[in-house]
Engineer: 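Just passing along the structure, written as structure tokens.
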There are 2 protein chains.
Amino acid sequence: MPMNREPPRPGIPGASTSGEPRAARGDAVPDTAVLLARTALFGSLETETLGRIAAATAMVRVTRGSLLFRAGDACTGFHLVIDGRIKLSLHSAQGAERVVELPGPGQTFGEAAMFLRMPYRVSAEALADSRLLHVAATAVFTELEQDPRLAHRIIASLSMRLHRLVGEIESQSLLSGTQRVVGYLLSLADAPAAMETVVRLPALKNVIASRLNLTHEHFSRILHGLATAGVIRLDGPDIRIPDLEILRRHSG
Amino acid sequence: MPMNREPPRPGIPGASTSGEPRAARGDAVPDTAVLLARTALFGSLETETLGRIAAATAMVRVTRGSLLFRAGDACTGFHLVIDGRIKLSLHSAQGAERVVELPGPGQTFGEAAMFLRMPYRVSAEALADSRLLHVAATAVFTELEQDPRLAHRIIASLSMRLHRLVGEIESQSLLSGTQRVVGYLLSLADAPAAMETVVRLPALKNVIASRLNLTHEHFSRILHGLATAGVIRLDGPDIRIPDLEILRRHSG
DNA sequence: CCCGCATGTTGACACAGGTCAAGCTGTGAA
DNA sequence: TTCACAGCTTGACCTGTGTCAACATGCGGG
């Protein structure tokens with residue numbers, strides 16, 4: 001097996017009954033309701049509401065390389081990543097792939113398709129062995145009737161995603177390849193300090209390249225260009241950034 | 001003044017008090033509530049709810065070339081186009097422009113910024129003398145508390161927009177210039193008939209070019225390429241499509 | 001009626017980024 | 001230990017699209 005950059009935590013007891021709603025004693029997975037309460041969508045909801053949603057939530061385990069769903073499949077709910085990494089991608093008629101997003105722990109995906117009651121537009125593949133929660137659409141819809149706060153959250157979350165997608169379009173049409181890479185590296189380095197920062201790419205380089213709408217060859221050249229310019233240093237999957245400000249100013 | 005492809009209806013009496021919530025007798029503008037009820041957002045809402053929202057709605061008139069708002073401005077509500085045409089665009093630091101959307105009569109914009117309570121991400125400029133309704137955010141928020149149906153509508157509308165934006169990203173990263181132009185022409189020709197169809201570009205060609213992420217020169221060449229290939233015929237702002245199926249199959 | 005400017009077309013050329021191909025490197029399996 | 005292969009790098013080359021510049025066209029205003 002090739003390099004696996006995000007191995008599952010070593011000590012997870014088998015618990016082979018995947019799809020079980022609530023994790024039991026000793027398992028590394030916290031309570032479903034607790035996990036849901038940590039998301040932007042369900043944070044600070046009433047305990048009862050949360051409980052009912054948790055009851056309609058199932059744990060899903062996917063192994064590296066397996067498909068969670070593909071574009072065109074019916075959508076029965078949305079997903080929350082517990083651990084691992086998922087690749088959301090579009091596919092052209094000729095087979096070309098374009099990675100759209102790489103949700104990791106704490107992130108959700110599939111809400112838009114769920115609320116539209118339309119099939120998925122993207123395919124989802126596990127880049128590492130992953131555990132997710134699948135929240136059934138029906139539960140969300142029934143709670144939505146009752147709780148205006150939940151509606152607020154959903155609206156805010158969708159708007160935020162819309163906002164970010166516009167940013168995506170902006171970066172793709174107005175920025176050069178190098179600028180997109182720089183912007184991406186800066187977005188990974190959430191620390192705003194001017195100190196040396198190390199970022200780890202959340203997936204293999206060819207995946208990141210596609211996420212940035214570049215070929216992996218071009219991405220490689222850009223990275224090495226930045227390295228010879230001295231604004232980053234390459235170290236396998238890690239990228240050392242001596243000074244974030246200098247990198248930010250490096251327009252290309 | 002240069003060519004104006006979308007002149008305001010000829011016989012609109014002055015009614016110089018712009019910003020008046022409700023249009024009076026004789027004016028070509030229907031009742032605010034009626035206009036709102038026609039949108040996907042507010043359709044089939046209770047009359048009272050609609051009335052309260054209509055009371056918080058103001059008519060806005062903008063002349064061709066003037067800015068409705070620019071990126072970074074605070075957002076106090078969203079807009080519904082009554083007539084005319086608005087250009088929503090992004091601007092790079094170097095001054096390059098990218099047209100994102102061209103909302104016309106019946107279409108809305110600015111919801112995402114409103115719900116996020118964040119400043120606008122795009123600028124809005126009138127491409128023709130236009131009339132719009134501005135719906136105050138406060139009114140939407142208060143009605144949202146009460147009416148779960150409104151919440152549903154908003155969620156559906158945001159999801160739909162998200163869906164379309166993903167399509168935008170797909171077309172930009174997976175399709176060639178010619179394919180994007182063909183796709184755009186087909187989207188303008190809503191008639192699914194195989195009969196000869198005439199579509200009129202909703203804005204000047206340089207604007208459409210930017211909307212498709214092309215230079216106007218390249219757009220011109222693509223259009224003439226399609227014309228010499230025989231799949232379309234050019235006639236100023238009109239484009240005649242002898243057979244939609246043949247155009248659809250024309251990949252490149 | 002003519003001038004001027006906005007708009008669009010066309011040509012020559014440049015360049016970012018894609019394609020193809022060869023080779024390197026490190027990890028996992030045998 | 002060795003092998004095989006996935007991942008990555010590097011080089012040579014190609015092409016789609018952008019840039020720049022010249023010119024056509026047509027509407028609106030003086």
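Protein chains get the first letters and strands the later ones, always in sequence-line order, with residue 1 at the start of each. Both backbone and side-chain heavy atoms feed into the values below; hydrogens, waters and symmetry mates do not.
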Engineer: Can you check the A:Leu175 CG to C:dG17 C1' distance for me, whole Å?
Structural biologist: 15 Å
Engineer: Can you tell me how far P of C:dG18 sits from CD1 of A:Ile222, to the nearest Å?
Structural biologist: 8 Å
Engineer: OP1, OP2 of D:dT9 versus side-chain N and O of A:His224: anything below 4.0 Å?
Structural biologist: yes
Engineer: May I ask you to decide whether B:Arg98 forms a salt bridge with B:Glu168, counting only side-chain N to carboxylate O separations under 4.0 Å?
Structural biologist: yes
Engineer: Separation of A:Glu217 atom CD from C:dG18 atom C1', in whole Å?
Structural biologist: 8 Å
Engineer: How close or far is atom P of D:dT10 from atom CG of A:Leu234, stated in whole angstroms?
Structural biologist: 9 Å
Engineer: Please check if the side chain of A:Arg200 supplies one atom and the backbone of A:Pro237 the other of a donor-acceptor pair under 3.5 Å.
Structural biologist: no
Engineer: With nearest nucleotides of DNA chain C determined for B:Asn206 and A:His218 from heavy-atom distances, which residue corresponds to the more 5′ nucleotide?
Structural biologist: B:Asn206
Engineer: May I ask you to decide if the ring planes of A:Tyr120 and A:Phe69 are parallel, tilted or perpendicular, using 30° and 60° as cut-offs?
Structural biologist: parallel
Engineer: What is the separation between atom CG on B:Leu174 and atom P on C:dG18, rounded to the nearest whole Å?
Structural biologist: 12 Å
Engineer: Among C:dT19, D:dT19, D:dT17, which nucleotide sits nearest the side chain of A:Arg221?
Structural biologist: C:dT19
Engineer: Separation of B:Leu223 atom CG from C:dT7 atom P, in whole Å?
Structural biologist: 17 Å
Engineer: Could you state the CG-P distance from B:Leu204 to D:dG26, rounded to the nearest angstrom?
Structural biologist: 16 Å
Engineer: Remember a base hit wins even if backbone is also touched, and classify B:His216 as base, sugar-phosphate or nothing at under 4.0 Å, heavy atoms.
Structural biologist: base
Engineer: Would you say B:His216 and B:Ser210 are linked by a side-chain donor-acceptor pair, where the criterion is simply a distance under 3.5 Å?
Structural biologist: no
Engineer: To the nearest Å, how far apart are B:Arg180 CZ and D:dG16 C1'?
Structural biologist: 10 Å
Engineer: I want to check one thing: is the phosphate of D:dT17, taken as OP1 and OP2, less than 4.0 Å away from some side-chain N or O of B:Thr215?
Structural biologist: no
